[in-house]
Amino acid sequence: MIQVHNIAKRLDEIEALSDVSFTVKKGSIFGLLGSNGAGKTTLLRIVAGILREDQGRVTINKEPIFENTKMKDRMIFIPDTLYFFSQYTIQQMANFYKSIYSEWNEERFQQLREVFDIGLDKKIQKFSKGMQRQVAFWLSMSTMPDLLVLDEPIDGLDPVMRKKVKNLILQDVAEREMTVLISSHNLREIEDICDHVGVLHKGKLLLEKELDDLKSDTQKIQIAFKGKTPEELFDGIQLLYKEERGSVMLCIVRGQADEVTTHFEKYKPVVFDLLPLSLEEIFIYEMGDVGYAIKNVLV
Amino acid sequence: MQSKTSWFSKEMMIQSFYSVGWIALIYLAGLLLTLPMRILMIWSSDNPSDYYAYHENLFDYNGEIQLILVFIVPVLLSIFLFRFLQVKNASDFMHSLPIKRTRLYNVYVGMGVIYLVLPVLITGSILMIMNGTMDLENYYSMKDIWSWIGLILLVSLLIFVSGVFVGAMTGMSALQGVLTYILLLLPVGFTTLIFMNTTYFLYGFSPDYYLSSQMIRYSPITSFFTYVVARGDEVFSWLDIILYLIMIIVFYTAGIVVYKKRHLEGVSQAFVFQSLKPFFKYSVTFCVMLLGGMYFRETQHSFVWLIVGYVLGSIIGYLIAEMLLQKTWRVFTHLKGYLLFAVLVAIAIVAFRFDLTGYENRIPELDEVEQVFIGQGVWHYKHKDEMSSINGPEYYQPTLTKKENINSVIQLHEFLVENKQSYSRSYHYTRVFFIAYEMKNGEKVIREYQVPETEELLTYMRPIYEANEFKEKTNRIFHIASEEVTRIAVDSREGQVIIHEPEKIATALEALKTDVKEAPFEEERSKGPFVPSINIYLSSGGDHNEVHLQFESSYEQFEKWLEEENLLDEVSLDPDEIEYAVIAPSKDIDFKRDDAEATKQVIKSPNALKITSKEKIQVSLENSNWADPGNEYVIVFKFKNSEPAQLVSFQNKDVPEFVKEHYEKGEVK
């Protein structure tokens with residue numbers, strides 16, 4: 001669905017993005033993680049066809065997105081700071097969307113009214129930030145988009161509403177194979193809905209992985225030997241992290257659980273445990289030194 | 001998809017009406033109040049002066065208010081319609097919609113055009129209905145309405161599209177407004193600045209030759225202002241109208257091109273295109289520098305102040321530009337660019353100052369010159385071929401073609417160039433020379449000098465101004481035949497002489513022609529208050545059927561002629577008529593009050609010299625000139641049969657010997 005190929009963008013003499021590439025498949029939810037100033041918003045604005053990349057290519061369904069009305073008609077971008085015409089009510093704004101987006105679904109719009117439970121004749125700008133975000137979701141989902149691009153969407157929503165919004169997104173992904181690109185500065189907020197994650201740091205994409213792969217591919221083990229630790233212990237296995245506490249070693253290694261177990265059992269340890277590993281830990285160890293720099297994004 | 005397009009336009013129209021409808025309503029209200037309402041007020045007024053007031057066209061009704069509306073409303077519309085370009089949220093929103101930029105642009109420009117056109121058409125229709133149903137022929141005609149509609153639409157649409165064009169380049173609404181006016185005034189303002197400043201460096205450069213009155217046509221703001229306020233009818237010819245239409249299309253198209261290339265990340269910055277920033281910065285620096293230089297040069301008249309103006313102007317301009325670009329006032333450390341600019345300007349100033357272009361020293365060779373015009377300013381040169389000169393038709397053309405006279409002009413020119421240091425432009429007692437050489441190869445060499453009048457200068461002027469060719473071309477008397485003359489009248493304090501016999505007219509005219517030819521040139525003539533005037537009345541010439549001369553003391557032939565006809569006594573002033581005269585040094589007299597007060601002071605002055613001797617009075621009469629505090633001595637004549645006494649003065653070169661003797665002795669005492 002979305003193909004981002006080697007894009008670079010300078011904003012006001014500062015390199016906002018450099019050499020960023022990733023792919024988002026149809027019907028998947030891609031989470032873009034990064035601390036403030038990492039370049040998430042710039043990347044999303046490029047994907048939404050607002051900004052033009054300096055180098056590289058962004059295509060959606062193999063077509064460049066910039067000034068592409070056909071693709072933009074099938075896509076909604078919800079920015080972190082929302083915009084509505086001044087003095088407009090929800091109904092007026094809906095009329096505007098209806099006139100702009102060819103797939104506007106009035107039935108859906110009426111259905112969602114029950115979910116959000118906000119009066120149609122209220123002026124949107126008088127609402128709180130959270131309410132405005134709900135209106136943005138409401139209007140966006142009513143256009144039946146193929147692609148939803150969300151910049152920090154969960155901010156400002158209360159837990160109940162978060163749940164509702166996430167369910168709405170998941171429902172459309174499941175039913176219509178809607179594709180979602182979502183950014184956040186916090187992994188926990190989106191880990192329950194994303195199937196893919198990319199980490200953006202200082203304009204560069206450090207990592208792009210499928211979450212399930214990541215989880216099953218990294219193991220935390222506790223291991224101890226009677227006497228000397230065999231020197232060739234880590235031969236043939238990728239060690240991400242090692243820590244010694246007396247005679248007990250704590251290691252993070254890459255590999256499926258059964259592979260890792262068989263590997264270490266060979267050396268007959270006195271203690272060998274596979275320990276639970278949180279997603280944050282995986283990221284931190286996976287990315288080595290940089291992992292610590294972006295730790296705040298992960299917890 | 002296709003059916004969506006019409007809906008789309010409807011919702012966009014609604015949206016644009018919500019955001020800028022108020023401007024259109026204010027515009028409509030303003031136009032209705034200034035025109036139909038005002039006309040009804042005059043129509044129903046009891047005041048006859050209101051009723052009979054003459055109205056040239058519809059801009060005569062509250063023209064100033066119409067002017068303000070036409071200058072402000074289109075710019076406001078361009079700012080508010082394209083506000084979505086200058087606000088980040090709105091810009092992101094509008095550009096994430098499935099609408100191409102060209103479409104957005106056309107829809108909003110179209111809306112702007114509707115909001116500008118509708119109020120004018122509504123007002124026009126009301127005026128037409130009023131014209132058709134009420135008795136308003138004295139106020140305006142249908143043709144007036146159409147030309148009013150046409151002109152107001154032309155100007156307002158041009159201002160609007162230029163505002164839109166600027167809006168596509170800048171990222172700040174306030175700057176969009178300011179830059180729109182700057183852009184519109186730029187053609188006039190920049191050329192004025194350049195030519196005025198060139199004058200300060202190129203000795204002999206004539207700014208007025210290039211800065212013609214036509215300049216006002218280069219900007220819709222100045223030309224519309226002139227049309228409405230000064231009622232200049234030179235503006236808005238068909239050519240102007242076509243040019244305005246072309247400019248409307250140019251700005252509209254340029255707006256689209258720029259908008260398509262617009263980088264949306266530049267929103268809220270002064271310019272969305274990086275490359276425009278240095279251009280803007282140095283243009284502002286340069287223009288404010290020229291403005292500062294011009295201000296100080298025109299008020300202080302010195303080169304040092306000019307440089308002070310440049311330094312202050314360029315610093316202020318640079319800082320303002322930098323503040324706008326950086327969006328902070330703390331820019332005082334970003335001066336690297338300024339230093340580079342200052343060095344380049346300094347080099348340019350030195351180059352001009354030392355005339356590296358060779359402009360100042362260029363004096364044409366005698367053989368190259370076809371003819372030369374010499375006058376007191378560019379106005380005379382530009383109007384030399386026109387029939388409406390104040391001195392009568394076609395007789396004010398000091399274009400010299402005789403070789404010796406061209407040579408005299410070249411001599412004067414050489415003298416002016418060689419004495420550049422002493423004759424730099426100064427303020428008091430100066431004379432302007434406008435010299436235009438028309439060369440044999442078709443080129444023109446134009447120079448203008450404003451120099452102090454000195455004795456030495458006069459020796460160079462005399463051969464030109466006393467030449468027969470010059471006199472014949474500048475005095476109408478040489479172009480009239482005695483058959484045309486109906487009468488010649490000589491008027492003075494004493495009385496009047498009228499000559500109407502054809503034979504006498506012929507001889508009198510010949511005598512006058514000789515006298516005018518022989519007369520020293522104007523600077524050396526005395527045309528005092530007691531000099532009789534001579535009027536020659538013509539049977540032809542229309543509005544210019546009078547030729548006016550003054551019976552100057554040098555006119556010996558005409559004096560002789562009058563004497564032979566026994567007419568001289570009737571017009572010449574007899575010293576016996578004068579009871580006494582009082583002379584006093586000007587420095588004792590306070591001229592700030594009126595002449596009557598000054599006269600009293602002269603008579604009461606402790607240094608006053610009272611004369612009653614007939615000879616002295618005669619000498620004083622011959623040498624007296626109009627009262628001028630700049631002259632060293634003033635004199636009051638008391639006539640026997642009239643009050644009050646007449647206050648006059650001696651030009652410094654004409655002070656009679658007895659006066660000099662008296663005061664020089666007095667000072668010895």
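Since this is a predicted model, take the numbers as computed values, not measurements. Letters go in sequence order (proteins before strands), and every chain restarts at 1.
When the heavy atoms of residues 80-98 of chain B are compared with those of chain A, the residues falling under 4.5 Å are Lys88(B), Asn89(B), Ala90(B), Asp92(B), Phe93(B), Met94(B), His95(B), Ser96(B), Leu97(B), Pro98(B), listed by number. Annotation: residues 75-90 of chain A contacts chain B through Phe77(A), Thr81(A), Leu82(A), Tyr83(A), Phe85(A), Tyr88(A) [non-hydrogen atoms, separation under 4.5 Å].
For CD of Gln91(A), the number of neighbouring non-hydrogen atoms (other residues, nucleotides, ligands) closer than 6.0 Å is greater than 12. The number of heavy-atom neighbours closer than 6.0 Å to NZ of Lys204(A), taken from other residues, nucleotides and ligands shown, is 12 or below. The local environment of CZ in Arg176(A) is crowded, with over 12 non-hydrogen atoms from other residues, nucleotides or ligands closer than 6.0 Å. Surrounding NZ of Lys277(B) are more than 12 heavy atoms belonging to other residues, nucleotides or ligands, all under 6.0 Å away. Within a 6.0 Å radius of NZ in Lys26(A), other residues, nucleotides and ligands contribute more than 12 heavy atoms.
Tyr181(B) is linked by a ring-ring contact (aromatic ring centres under 6.0 Å, His included) to nothing, counting only residues two or more places apart in sequence or in another chain. With sequence neighbours left out, the salt bridge (Lys or Arg N to Asp or Glu O under 4.0 Å) criterion links Glu107(A) to no other residue.
Heavy atoms of Ile50(A) lying under 4.5 Å from chain B belong to its backbone as well as its side chain.
The choice from Lys9(A), Arg52(A), Met71(A), Arg45(A) that makes the most heavy-atom pairs within less than 4.5 Å of chain B is Arg45(A).
Atoms NE2 and CG, from His263(B) and Leu11(A) in turn, are 11.0 Å apart once rounded to the nearest 0.5 Å.
The nearest pair of heavy atoms linking Leu51(A) to Glu265(B) is CD2-OE1, 3.2 Å.
Remark: Lys98(A) does not engage Glu11(B) in a salt bridge, criterion side-chain N to carboxylate O under 4.0 Å.
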